[in-house]
Amino acid sequence: MLNRGLAYRCYCTAEELEEERRRAAREHRPPRYSGRCRELSADDVRRFEREGRRPAIRFRVPDRDVTIVDALRGEIRFRAIDQDDFIIRRSDETVSFLLAGALDDADMRVTHVLRGDDHLPNTPRQAMLLQALDRGLPAFAHLGLVLDADHRPLSKRDGAATLADLRDAAYLPDAVRAALAHLGWSPPRDTGGDVAALAFRFRLEAVSGSSCVWDAARLEHENARALRALTADALAALCRDRGWIPPALEEPWRRALAAVQPELKFLAEIPHLVAPLLPGDVNVENEAREHLSGADVATALRVFAEEMENGRGFSDAVKIVKTKSGLTGRRLFQTAARRADRPDERDRDGRIGENFGAAGDGAARRARINAFPARTSIR
RNA sequence: GUCCCCAUCGUCUAGUGGUUAGGACACCGGGCUUUCAAUCCGGAAACACGGGUUCAAUUCCCGUUGGGGACGCCA
């Protein structure tokens with residue numbers, strides 16, 4: 001490029017360039033390289049070399065406007081006057097991003113360059129380089145940047161700045177993919193969280209050119225959906241990978257997972273949800289205690305115990321308690337569950353753990369709910 | 001300061017020179033579940049502003065405002 005006059009050596013030091021920029025700012029001019037090394041005399045060069053300066057190499061920007069085509073925005077025109085001669089090789093002889101990136105893409109036969117629109121100003125420069133080197137241009141598409149709720153660039157604080165953050169938070173990969181697909185684009189019809197369907201419907205040209213706001217609620221929705229879509233084996237495998245399932249409790253765990261799966265939102269909440277369904281002691285949590293305070297509860301508990309002793313089924317006993325105590329809804333069931341804590345007072349519907357019914361028909365779920373409504377306190 | 005990009009419900013978006021401006025997430029209400037969740041039904045919710053062009057602008061043009069980005073021997 002030097003031989004062909006496409007580029008030239010620049011002997012300016014970092015300090016000199018910095019000073020140039022400062023002066024420009026003071027005089028309210030745009031900070032541009034002046035081009036002072038464009039036409040150095042042989043004497044100048046000798047002098048600089050004698051001073052021990054190592055030259056950088058700058059691209060001699062042609063004096064004509066550049067029009068690039070962006071797949072999302074159409075033609076964008078950049079004025080020649082706004083472009084200064086940029087460095088393509090540093091004084092330590094390493095090649096700059098602008099040249100290396102453009103050339104590497106060309107060598108790799110990259111057809112589409114998709115990047116954040118913070119790269120838009122680089123595009124005319126890379127286009128000029130490629131044209132000067134008689135290389136073809138790839139298609140460019142510059143996507144809007146993703147912002148947080150305050151319209152600031154996404155940061156660590158948002159907990160979603162990187163894929164690693166999302167993985168650490170145990171979001172399912174498909175949920176992340178689905179949520180990402182909804183940035184700057186949305187499917188013509190809801191795909192039910194099916195990532196393959198999203199991919200099938202996706203069109204680059206349909207992506208919005210504006211920046212968009214990261215929506216954690218969307219991710220949670222997709223995650224809950226993906227969790228529900230998991231097969232029993234897949235769900236169990238995830239739990240096993242996390243070391244949650246003791247070998248001895250494999251079967252109870254699987255039944256409990258089946259009961260709990262329809263309401264899952266996060267992987268991490270599984271141990272919490274499943275615990276009451278496994279054999280062992282049941283603790284009534286704080287919120288449950290609140291619901292259990294008061295005189296009518298005492299009555300209810302007594303009535304419930306009596307009915308159970310008389311051989312009533314759980315459901316029948318609950319109905320009678322309801323009539324006699326006036327309790328309804330949550331308080332009624334908290335009360336019933338209180339008694340159901342006692343293994344000897346559980347009946348077919350109310351029993352906990354290894355005995356409750358098969359999943360899928362709602363029986364297991366109902367059994368769990370009847371047995372442990374206190375889980376309403378978890379959320 | 002200079003240049004570039006962008007602008008429809010809270011969020012992601014669909015859409016058209018004449019529409020009841022559509023969907024999804026979130027939200028609110030109801031049904032079902034004797035609680036919760038899921039699900040079903042319903043509701044509230046938007047064309048940033050000002051000029052043009054036009055019989056007619058959310059839609060086309062210009063400007064303003066607002067948001068974002070870039071101005072390094074970083075990538």
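In the text below, chain A, chain B and the rest are named by the order of the sequence lines, each starting its count at 1. If you're wondering where the values come from, they're calculated on a predicted model, not measured in any experiment.
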Which part of the nucleic acid does A:R21 contact within heavy-atom distance under 4.0 Å: base, sugar-phosphate only, or nothing? sugar-phosphate
Residue that, paired with A:F48, satisfies side chain to side chain contact (heavy atoms under 4.5 Å, CB included) out of A:R50, A:E51, A:R46: A:E51
Shortest non-hydrogen contact from A:R32 toward A:E20: O-OE1, 3.9 Å
Remember a base hit wins even if backbone is also touched, and classify A:G101 as base, sugar-phosphate or nothing at under 4.0 Å, heavy atoms. nothing
Please work out if A:A25 contacts a base, only the sugar-phosphate, or nothing of the nucleic acid, heavy-atom cut-off 4.0 Å. nothing
Return yes if the base of B:rA75 and the side-chain atoms of A:N122 contain a donor-acceptor N/O pair under 3.5 Å, otherwise no. yes
Check the phosphate of B:rC4 against A:R77, side-chain N and O only, distance under 4.0 Å to OP1 or OP2. Yes or no? no
Take atom C1' in B:rG10 and the same atom in B:rC27, then report the distance between them in whole Å. 9 Å
Mark this stacking check for A:H119 against B:rA75 as yes or no, applying ring centres under 5.5 Å and ring planes under 30°. yes
For B:rA38 and B:rA56, measure between their C1' atoms and round to the nearest Å. 48 Å
Tell whether A:R218 reaches the base of B:rA26 with its side chain through a donor-acceptor pair below 3.5 angstrom. no
Please confirm whether the shortest side-chain N or O distance from A:H182 to OP1 or OP2 of B:rC12 is below 4.0 Å. no
Mate of B:rA48 where both pairing distances stay under 3.5 Å, Watson-Crick or G-U: B:rU64
Rounded distance in Å - CZ (A:F202) to P (B:rA14): 12 Å
Any salt bridge between A:R9 and A:E49, counting N to O under 4.0 Å? no
Which nucleotide in B:rA38, B:rG69, B:rU2 has an atom nearest any side-chain atom of A:P30: B:rU2
Presence of A:R225 side-chain N/O under 4.0 Å of B:rC25 phosphate oxygens OP1/OP2: no
With a 4.0 Å cut-off on heavy atoms, is A:I87 in touch with a base, just the backbone sugar-phosphate, or nothing at all? base
Nearest-Å distance for atom pair CD/P, residues A:E20 and B:rU2: 19 Å
Measuring from the side chain of A:R228 (C-beta onward, heavy atoms only), which nucleotide among B:rC6, B:rU39, B:rC4 has the closest atom? B:rU39
Counting the atoms with a prime plus P, OP1 and OP2 as sugar-phosphate, which does A:P187 contact under 4.0 Å by heavy atoms, base, sugar-phosphate, or nothing? nothing
Considering every strand and a 4.0 Å limit on heavy-atom distances, what is the contact class for A:R89: base, sugar-phosphate, or nothing? nothing
Could you tell me whether A:A24 contacts a base, only the sugar-phosphate backbone, or nothing, with contacts defined as non-hydrogen atoms closer than 4.0 Å? nothing
Hey, does A:S186 reach any base, or is it just sugar-phosphate, or nothing, if we go heavy atoms under 4.0 Å? base
Between A:R177 and A:E222, does at least one N-O distance fall below 4.0 Å, as a salt bridge requires? no
Can a donor-acceptor pair under 3.5 Å be found between the side-chain atoms of A:S91 and the base atoms of B:rC73? yes
Strictly by Watson-Crick or wobble contacts shorter than 3.5 Å, is anything paired with B:rC3, and which nucleotide is it? B:rG69
Under 4.0 Å, counting only non-hydrogen atoms across every strand here, what does A:S208 touch: a base, just sugar-phosphate, or nothing? sugar-phosphate
For A:D148 and B:rU11, what is the distance between atoms CG and P respectively, to the nearest whole Å? 13 Å
Between B:rC28 and B:rA44, how far apart are the P atoms? Round to whole Å, please. 16 Å
What integer number of Å spans the C1' atoms of B:rC9 and B:rU64? 24 Å
If you look at every strand shown and take non-hydrogen atoms under 4.0 Å, does A:I76 touch a base, only sugar-phosphate, or nothing? sugar-phosphate
Would you indicate what A:R115 reaches in the nucleic acid, counting non-hydrogen atoms under 4.0 angstrom: base, sugar-phosphate, or nothing? nothing
What's the CG-P distance between A:D104 and B:rA75, to the nearest Å? 14 Å
Can you identify which nucleotide, out of B:rG69, B:rU39, B:rC73, has its nearest atom closest to the A:A56 side chain? B:rC73
Rounded to the nearest angstrom, tell me the gap between atom CZ in A:R53 and atom P in B:rC73. 15 Å
Check this for me: A:E27, atom CD, are more than 12 non-hydrogen atoms of other residues, nucleotides or ligands nearer than 6.0 Å? yes
Quantified in whole Å, what is the C1' atom distance between nucleotide B:rG30 and nucleotide B:rU8? 30 Å
Going by the angle between their ring planes, with limits at 30° and 60°, are A:W244 and A:W253 parallel, tilted or perpendicular? parallel
Starting at the 5' end of RNA chain B, which residue's closest nucleotide do you reach first, A:E75 or A:C10? A:E75
At under 4.0 Å between heavy atoms, what does A:D70 touch on the DNA or RNA strands: base, sugar-phosphate, or nothing? nothing
Nearest to the A:R152 side chain among B:rU2, B:rA24, B:rG68, which nucleotide is it? B:rG68
Within this structure, what is the CD1-to-P distance between A:I57 and B:rG72, rounded to whole angstrom? 20 Å
Consider the side chain of A:D215, meaning its heavy atoms from C-beta on, and name the nucleotide among B:rC4, B:rC25, B:rG67 that approaches it most closely. B:rC25
Nearest of B:rG68, B:rA26, B:rA75 to any side-chain atom of A:L145? B:rG68
RNA chain B nearest-nucleotide lookup for A:L17 and A:F78: closer to the 5′ end is A:F78
Assign the ring pair A:Y8 / A:Y33 to parallel, tilted or perpendicular, where the plane angle (0 to 90°) is split at 30° and 60°. parallel
What does B:rA38 pair with, Watson-Crick or G-U, if both distances are under 3.5 Å? none
Which base, if any, makes a Watson-Crick or G-U wobble pair with B:rC25, both distances under 3.5 Å? B:rG10
Nearest heavy atoms of A:A141 and A:L72, plus distance in Å: CB-CG, 4.3 Å
Go through the side-chain N and O atoms of A:T231 and A:D233 and say whether any donor and acceptor fall under 3.5 Å apart. no
For B:rA21 and B:rA45, measure between their C1' atoms and round to the nearest Å. 13 Å
Atom pair distance, as rounded to whole Å: CZ in A:R22 and P in B:rC71: 18 Å
Mind checking A:W214 for me? I need base, sugar-phosphate or nothing, with any heavy atom below 4.0 Å counting as a touch. nothing
Considering only atom C1', compute the distance from B:rG72 to B:rC12 and round it to an integer number of Å. 35 Å
Quick one: does any side-chain atom of A:D105 pair with a main-chain N or O of A:A102 as donor and acceptor, under 3.5 Å? no
C1' gap between B:rC71 and B:rC62, integer Å: 27 Å
